[in-house]
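I have placed the structure first, in the form of structure tokens, so that the comments after it can refer back to it.
Computed over heavy atoms, backbone and side chain alike; hydrogens, waters and symmetry mates excluded. Just so you know, ligand 1 is whichever comes first in the structure, and atom 1 is the first atom listed for that ligand.
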Amino acid sequence: MVADRAASQWNALESYRDRTSFDLRAMFASDPERASRYTFSAGDLAVDLSKHLIDDEVLRRLIALARAAGVEERAQAMFAGERINSTENRPVLHVALRAGPEDTFLVDGTDVVAGVHEVLDRMAGFASRVRAGEWLGHTGKPIRKIINIGIGGSDLGPVMAYRALRHYRHPDIEAEFVSNIDPAHLVAVLADADPAETLFVIASKTFTTLETMTNARAAKEWLLDRFDGDKSAVARHFVAVSTNADAVSEFGIDTANMFGFWDWVGGRYSFDSAIGLPLMIAIGPEAFGEMLSGFRAMDHHFRDTPIEQNVPALLALIGVWYRNILGYPTYAVLPYAQDLDRFPAYLQQLDMESNGKRVGLEGIAVGRDTGPIVWGEAGTNGQHAFYQLLHQGTSVVPGDLIGFLEATDDLGMQHDFLMGNLFAQAEALAFGKTEEEVAAAGIVPELVPHRTFPGNRPTSVILAPRLTPAVLGQLVALYEHKVFVQGAVWGINSFDQWGVELGKVLATRIIGELGATDPGELSHDASTNALIERYRNYRA
Ligand code: G6Q
């Protein structure tokens with residue numbers, strides 16, 4: 001078992017923690033080089049790790065842990081196309097989705113790169129026709145609205161990236177993303193849609209997901225209602241992204257208008273596959289290609305850089321230090337960019353669905369904490385909401401502050417105000433304000449404790465020149481590989497998601513009971529029975 005293999009490295013970290021204090025003020029005072037020594041670069045990203053509760057010895061011991069846990073071998077196995085998703089018996093090859101033409105990625109001895117590029121080329125051809133107004137709807141009008149219907153991995157990536165790359169979007173084509181099975185979601189989006197100018201992208205790897213298929217059927221009915229039931233309209237207004245050609249065809253979508261991907265791409269790792277079709281239509285094949293090159297740059301950094309300088313690995317190991325050794329249960333993602341407002345939600349899935357596991361690869365309880373609770377919000381909004389707790393609460397919440405040197409929108413000094421806030425927050429969290437400093441500022445004694453900041457609240461500061469497609473690709477790949485490294489250290493399978501299954505099965509059963517005319521006796525627990533009955537009685 002991996003955890004056992006690394007037992008002495010875990011012990012070494014714990015014993016070092018027990019005999020060392022990590023005081024950021026003191027560590028900065030004693031080491032003038034600390035900021036530069038702990039700032040690393042990967043692609044266009046400069047990552048300042050100096051405000052973390054680490055020193056050289058912590059890093060040395062964490063890196064030893066990673067090596068003992070077999071992180072490097074597992075990364076090699078991923079790049080080699082081995083079936084490292086052992087519970088589903090699949091390779092994990094999202095890195096092949098952004099392969100260059102010169103790259104080779106083998107699945108069972110067959111290079112998959114040509115297939116990846118073939119789908120990308122088909123997507124580009126289709127996206128270009130839509131963008132040029134050449135793909136016409138049923139009445140001969142060009143498409144002006146894309147409605148992506150998908151959920152989880154078939155939604156969060158595209159919507160996050162569509163919002164992030166606002167500046168790169170086609171001026172006359174907008175995209176909407178419908179995910180929730182709550183009818184409010186689809187109805188609200190359709191309220192503003194002109195069927196003659198709308199293209200639905202049904203994005204579902206399995207093409208069986210309840211939410212997506214229910215919304216897709218409702219969207220099809222909506223369209224047919226408006227075209228007098230003429231089924232030939234479906235071919236002009238529906239395309240699919242899926243691995244399930246039979247189900248796509250059964251739904252009524254011509255498989256000529258289906259864009260495929262592969263079972264070696266996990267949902268939450270898929271937005272650079274055909275799942276990115278709405279994004280490619282919005283930003284164009286060229287910008288999409290730049291995004292892929294950003295992913296690729298980070299893949300190469302991750303694959304080729306020793307752990308000592310490997311930014312995703314270092315971020316991951318610092319996260320392990322907090323989760324397992326210092327006992328901090330959550331991790332915040334705080335982008336100082338409004339266009340990254342869905343980035344925390346995207347990372348929540350990437351991280352928590354990947355590493356929210358309690359059993360290791362051998363099926364035995366891991367015996368220590370695994371994935372942290374990931375959360376966050378765009379700065380500066382968060383500052384006026386939950387940062388109070390970050391500064392003065394009883395829990396230490398480590399996090400990443402992400403910012404850009406150049407504004408995407410020029411409004412005088414406003415970008416300086418934004419970035420000034422980012423730098424100030426990282427500084428205040430790290431160094432706080434002592435009682436002496438507060439008193440010296442003339443604060444009345446009874447208020448001094450209330451206005452004191454303990455500091456020592458660690459953050460990374462991740463800076464990039466500008467929020468471009470390439471930088472977005474680098475950021476996403478950074479976190480993909482961070483999650484990978486943590487999963488490898490904990491010895492878990494980061495690529496399955498059995499935890500979402502039980503709820504799906506139970507929901508299907510209860511949905512039947514809610515609508516049944518003769519429901520018979522309910523046989524859940526007393527609470528669930530009562531809730532179902534309350535709902536049924538009200539609806540009756
Ligand atoms: C992601 C998960 C999950 C999945 C959705 C949608 O890794 O597998 O979020 O993406 O359940 O699945 P489909 O694409 O099959 O509809």
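In this structure, ligand 1 sits under 4.0 Å from heavy atoms belonging to Ile151, Gly152, Gly153, Ser154, Ser204, Lys205, Thr206, Thr209, Gly267, Arg268, Gln349, Glu353, Gln497.
Sequence neighbours left out, the pairs with a member in residues 68-99 that pass ring pair (Phe, Tyr, Trp, His ring centres under 6.0 Å) are His94-Tyr269. Sorted pairs that involve residues 243-265 and meet side chain to side chain donor-acceptor pair (under 3.5 Å), not counting sequence neighbours, are lacking altogether. The side chain to side chain donor-acceptor pair (under 3.5 Å) contacts involving residues 181-195 comprise nothing, where partners must be two or more places apart or lie in separate chains.
Judged purely by distance below 3.5 Å, without hydrogens or angles, the side chains of Ser494 and Arg268 never pair a donor atom with an acceptor atom.
Aromatic rings of Tyr162 and Phe177 (six-membered ring for Trp) have centroids within the 6.0 Å cut-off, being under it.
Leu340 pairs in a side chain to side chain contact (heavy atoms under 4.5 Å, CB included) with only one of the listed residues (Leu467, Leu334, Val333), which is Leu467.
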